[in-house]
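Each ligand, and each atom within it, is numbered from 1 in the order the structure gives. The chain is numbered in sequence order, starting from 1. Note that the structure is a prediction, hence the values are computed from the model and not measured.
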Amino acid sequence: MTTRLILEICNVRHVYATGSNGLAGCSLNIRQGSRNALLGANGSGKTTLLQQLNGLLRPTSGAILIDGAPLDYSRNGLAALRRRVGLVFQNPDRQLFSASVCEDVSFGPLNLGLDEAEVRERVAQSLAAVGMTAMAERPVHHLSFGQKKRVCIAGVLAMRPEVLLLDEPMAGLDGAAQTELLAVLDDLSGRGITIVLSTHDVDFAYRWADDIHVLAAGRCIASFDAGRLPEQEVALQAAGQSLPAVVELCRVLVARGMLPPTAAAPRSLDQLAASLADMPSRHFVETLPLGAAAHSYCDGRRGWTRRH
Ligand SMILES: Nc1ncnc2c1ncn2[C@@H]1O[C@H](COP(=O)(O)OP(=O)(O)O)[C@@H](O)[C@H]1O
Ligand SMILES: [Mg+2]
């Protein structure tokens, strides 16, 4: 991944017609090819920001740059922007409007004026990327919520975007559908697509993202490498977020001497389980408040030598 910035959000304010503040001087940068989580509570400005990034909303003040140049809000400028930066809405029913899956995914490429063969190829590739090839002819209203989300992503992918924006992609999905969607996102990010998604789930942001941007009251109050999240307790608290469960658990295990303090911090419960599995069982026996009998038992069973 490069450190080249593909999107720069510079002190963006957005005031809705009702007078409410959507964004109140928000600044953050998106690195090309990176996985970004916009983390914040309800009403912190995540949706407003995502809609700013593909030009659906325009800053009341401040600016957004793509490749260093300010967004061009002319008709042609917006069409060009939306080819490069695609947005998947939180609610798929807001995005899907054609009768069948295939028709819906074809809509964008047809609008680009591409020839039929190119449209067919793009639709086939996009449906394959989200694992929906077998459902191409299905009526959209026969799909599950998770399948609709994947069709929305396919519709955006058919435009071959460089940046994929997803508003709360995990919300409303059950565990299996979340796992499937994560595999799709992993694949896209592996192909170099920059991903920016919104979430209020700190555990997910920590597990998934390269860069986390914490939003509170319309501003980005902290942007950091996700691995450094444990140092960001103050910003998280200010945004109404707690530390990820895995970080809390690691702290307890380190305090009890069950994990060495130098161990690389696991980012998920699976990684934590793997680090624990790597620890010699003797370490546990010596650190747990067990009596001499337990030590002798272990010594006898495993032939360990006890240190005093
Ligand atoms: N269409 C709208 N009209 C007026 N105010 C809005 C609208 N959408 C959002 N807001 C306000 O803007 C702020 C940020 O909202 P939003 O971007 O939806 O936050 P999030 O996605 O983090 O929940 C909130 O105070 C919200 O009430
Ligand atoms: Mg929202």
Side-chain angles (χ1 to χ4, degrees), residues 7-30 35-64 71 73 78 81-82 85-97 145-146 148-150 152-153 155-156 163-173 177-178 181-182 185 194-206 208-209 211-224 226 229 232 234-244:
L7 288 166
E8 293 163 76
I9 294 104
C10 313
N11 201 18
V12 168
R13 208 161 58 87
H14 185 86
V15 183
Y16 282 100
T18 56
S20 63
N21 265 334
L23 293 171
C26 182
S27 298
L28 62 94
N29 295 327
I30 304 293
R35 297 145 72 108
N36 297 266
L38 305 176
L39 177 67
N42 286 338
S44 57
K46 305 182 296 294
T47 298
T48 308
L49 178 56
L50 289 172
Q51 295 192 355
Q52 291 276 351
L53 292 180
N54 89 331
L56 266 183
L57 294 176
R58 194 173 171 163
T60 307
S61 65
I64 296 174
L71 294 196
Y73 293 94
L78 285 175
L81 174 67
R82 289 176 192 149
V85 180
L87 171 62
V88 178
F89 287 103
Q90 178 167 4
N91 178 359
D93 292 324
R94 248 195 91 184
Q95 192 146 357
L96 301 173
F97 51 87
F145 185 79
K148 282 184 184 173
K149 282 234 161 176
R150 285 194 274 153
C152 290
I153 296 175
V156 171
V163 182
L164 181 61
L165 311 171
L166 304 110
D167 199 357
E168 305 270 0
M170 296 299 163
L173 297 182
Q178 286 193 0
L181 184 54
L182 272 180
L185 296 185
T194 306
I195 303 183
V196 184
L197 58 76
S198 66
T199 181
H200 52 258
D201 180 344
V202 71
D203 296 273
F204 167 62
Y206 187 48
W208 175 82
D211 295 342
I212 294 180
H213 314 278
V214 182
L215 266 64
R219 298 178 57 229
C220 176
I221 59 169
S223 257
F224 47 83
L229 178 139
Q232 296 289 337
V234 173
L236 292 175
Q237 262 174 12
Q241 302 282 332
S242 42
L243 281 170

* Proximal candidate to atom 18 (O) of ligand 1 [heavy atom criterion; set L57, L39, T47, L215] ->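 Comparing heavy atoms across L57, L39, T47, L215, the nearest one to atom 18 (O) of ligand 1 lies in T47.
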
* Asked: For atom 24 (C) of ligand 1, which candidate among S20, G43, A41 holds the nearest heavy atom?
  ->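 Nearest heavy atom to atom 24 (C) of ligand 1 lies in G43.
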
* **Non-hydrogen side-chain atoms of L197 and R35 separated by less than 4.5 Å** =>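 A side-chain contact is absent here, since even the closest heavy-atom pair is not under 4.5 Å.
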
* **side chain to side chain donor-acceptor pair (under 3.5 Å) between D167 and S198, worked out** => CA-CA 5 Å; D167 199 357; S198 66; 2.7 Å; yes

* Is the distance between the Mg ion (ligand 2) and the nearest N/O/S atom of N42 smaller than 2.8 Å? ->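 No, N42 does not qualify, because none of its backbone or side-chain N, O or S atoms lies under 2.8 Å.
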
* **Minimum heavy-atom distance between L185 and I195, given as atom pair plus value** =>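 Answer, listing the atom of L185 first, then I195: O-CD1, 3.6 Å.
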
* Could you walk me through whether V156 and Q95 pass the side-chain contact (heavy atoms from CB on, under 4.5 Å) check? -> CA-CA 10 Å; V156 171; Q95 192 146 357; 3.6 Å; yes

Nearest protein heavy atom to [atom], by residue and atom, and its distance?
| atom | value |
| --- | --- |
| atom 10 (N) of ligand 1 | Y16 CE1, 3.3 Å |
| atom 19 (O) of ligand 1 | G45 N, 3.1 Å |
| atom 13 (C) of ligand 1 | N21 O, 3.5 Å |

* Side chain of K46, backbone of A41: donor and acceptor closer than 3.5 Å? ->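 Here the side-chain-to-backbone pair exists.
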
* **Closer than 4.0 Å: a protein non-hydrogen atom to atom 7 (C) of ligand 1** =>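 Looking at atom 7 (C) of ligand 1, one finds that a protein heavy atom does lie closer than 4.0 Å.
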
* Asked: Hey, is atom 27 (O) of ligand 1 touched by any protein heavy atom at less than 4.0 Å?
  ->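 No; the ligand atom in question lacks any protein heavy-atom contact below 4.0 Å.
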
Numbering the atoms of ligand 1 from 1, which are under 4.0 Å from a heavy atom of [X]?
| X | result |
| --- | --- |
| N42 | 23 (O) |
| T48 | 14 (C), 15 (O), 16 (P), 17 (O) |
| S44 | 19 (O), 20 (P), 22 (O) |

* **Check against side-chain contact (heavy atoms from CB on, under 4.5 Å), I64 and Q52** => CA-CA 8 Å; I64 296 174; Q52 291 276 351; 3.6 Å; yes

* Asked: H14 vs Y16 aromatic rings, parallel, tilted or perpendicular, using cut-offs 30° and 60°?
  ->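 Perpendicular, since the angle between the ring planes exceeds 60°.
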
* Asked: Between the side chains of S61 and R13, is a donor N or O closer than 3.5 angstrom to an acceptor N or O?
  ->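 A donor-acceptor contact under 3.5 Å links the two side chains.
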
